[in-house]
J.: 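Handing you this structure, nothing more for now.
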Amino acid sequence: MFFVKSLEHRIDLHPSFFNSEATRYIEQKLFQDVEGTNTGTMMIIAVIGIDEISEPKVAPGTGFAQFNVAYRAVVWRPFRGEVVDGEVSSVVNNGFFVDVGGLSVFVSKAMIPPSMKYNAEDSTPNFSDAEGMTVQRNSQVRLRIKGIRGELGQMFAIGSIREDYLGTLMQ
Amino acid sequence: MAGPPLPATLSRRRPPPTGDEETTTVLRLGEFEGVPCLSLSEAHTIIQKLKTSRSQTDEQGNKPVPMPNTDVYNKTEAYLETFVRFKTEQSASQVEAVSQKLVQEGLITSFERAQLATLCCDTVEEARTLIPSLEGKVSDDELQQTLDDISKMRDFS
């Protein structure tokens, strides 16, 4: 789910940048450091605006000035139990991977309705059932996120389509 | 093992992972409690606006700051292009206005509103199944009315 979140980031400024362009440099550094990153729990997509740049504090021992920049950004954070749409990126015999934005969600066989079976003989491997519902590469599916694990810089998730109103989307 | 006591750790501990955030029958958003939510269409609108405002040189004559070129950003942008249901800014803001009514009356939360605008359910039953926290919150009639208003804005071009 997308949010507009207020966040803080600490930026170190080398003394050679202590001139009239310092504020501009700090803003650019913020954009570079933080935009398009994955913190492990959420993804910061784009910075909307900077609310406040704090007074600088010189770190003892180094000449760097430290600024705390408060800003607002569009972030994306998945939640356990959330229903999301995504595009299938690959199908393997015990499930398939769905790309939901920057997150890859794995739907295992246990989380797929038993009526859907794995077929490897057609042109592309797929899961399909008797009624013609097919999940293959580039299909769009609606799934519920069942679990998320986050490490610094990466997120892993598992999902399910084994419920009412989940599965392939009619286009 | 006995021995001299360890000195107090002076380095900052990594904040412990809370881990119990979920959006099932209850909404536990952790640090996102009370943070404004955006549906896919609204996020798409904001990012398009940022793109245009950042591609122009601003008033102080500073050079434009380019949008990020990371995997996370590119994949998210492609995802939004594919899955937004309300492609124009006008329809997206109309959908927001329509669904915001229920939030203003204190019936649903910001998160549930964004889910309704993103998932575009047809029936009350579908909405309550996909968003379990809606159980017992809004009357069926009001929810169906909101779903119908949202569906009307969809353009099938």
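Computed from a predicted model, the values in this text were never measured in an experiment. Quick note on labels: first sequence line is chain A, next is B, and so on, each numbered from 1.
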J.: Which atoms of B/Ile47 come close to chain A, meaning under 4.5 Å heavy atom to heavy atom: side chain ones, backbone ones, both, or neither?
T.: side chain

J.: Are B/Arg128 and A/Asp164 ion-paired here, with the side-chain N under 4.0 Å from a carboxylate O?
T.: no

J.: Under 4.5 Å from any heavy atom of chain A, what part of B/Gln115 do you find: side chain, backbone, both or neither?
T.: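 Both backbone and side chain.
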
J.: Side chains of B/Asp122 and A/Tyr165: does their closest heavy-atom pair fall under 4.5 Å?
T.: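 No, their side chains stay 4.5 Å or more apart.
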
J.: Where does B/Ile46 contact chain A at under 4.5 Å (heavy atoms): side chain, backbone, both or neither?
T.: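 Just its side chain gets close to chain A.
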
J.: Does any heavy atom of chain A fall under 4.5 Å from the side chain of B/Phe32, the backbone, both, or neither of them?
T.: both

J.: What part of B/Ala114 is in contact with chain A, defined as an atom under 4.5 angstrom from a non-hydrogen atom: side chain, backbone, both or neither?
T.: both

J.: For a quick test of reading the model, state the closest non-hydrogen atom pair linking B/Pro68 to A/Gly36 and the distance between them.
T.: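 Here B/Pro68 and A/Gly36 meet closest at CG-N, 4.3 Å.
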
J.: Check each atom of A/Val100 against the heavy atoms of chain B and say whether the ones under 4.5 Å are side chain, backbone, both or neither.
T.: both

J.: Could you check B/Arg54 against A/Glu35 for salt bridge (Lys or Arg N to Asp or Glu O under 4.0 Å), going step by step and ending with a plain yes or no?
T.: CA-CA 14 Å; B/Arg54 290 223 276 195; A/Glu35 279 202 328; 2.9 Å; yes

J.: Do the ring planes of B/Phe111 and A/Phe79 sit parallel (below 30°), tilted (30 to 60°) or perpendicular (above 60°)?
T.: perpendicular

J.: Between B/Val35 and A/Met1, is the side-chain contact (heavy atoms from CB on, under 4.5 Å) condition met? List the steps.
T.: CA-CA 11 Å; B/Val35 178; A/Met1 177 58 61; over 6 Å; no

J.: Does the A/Arg77 side chain pair with the main chain of B/Leu29, one donor and one acceptor, at a distance under 3.5 Å?
T.: no

J.: At their closest point, which heavy atom of B/Phe83 faces which heavy atom of A/Leu169, and how far apart are they?
T.: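 Closest pair (atom of B/Phe83, atom of A/Leu169, distance): CE2-CD1, 4.3 Å.
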
J.: Answer with side chain, backbone, both or neither: which region of B/Glu125 has an atom nearer than 4.5 Å to a non-hydrogen atom of chain A?
T.: both

J.: Which atom pair, heavy atoms only, marks the closest approach of A/Ile44 to B/Val72?
T.: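 For A/Ile44 and B/Val72, the tightest heavy-atom pair comes out as O-CG1, 4.5 Å.
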
J.: So which of A/Arg144, A/Glu163, A/Gln28, A/Glu87 has the biggest tally of heavy-atom pairs under 4.5 Å with chain B?
T.: A/Arg144

J.: Quick one: does B/Tyr73's side chain have a donor or acceptor within less than 3.5 Å of a partner on A/Thr37's backbone?
T.: no

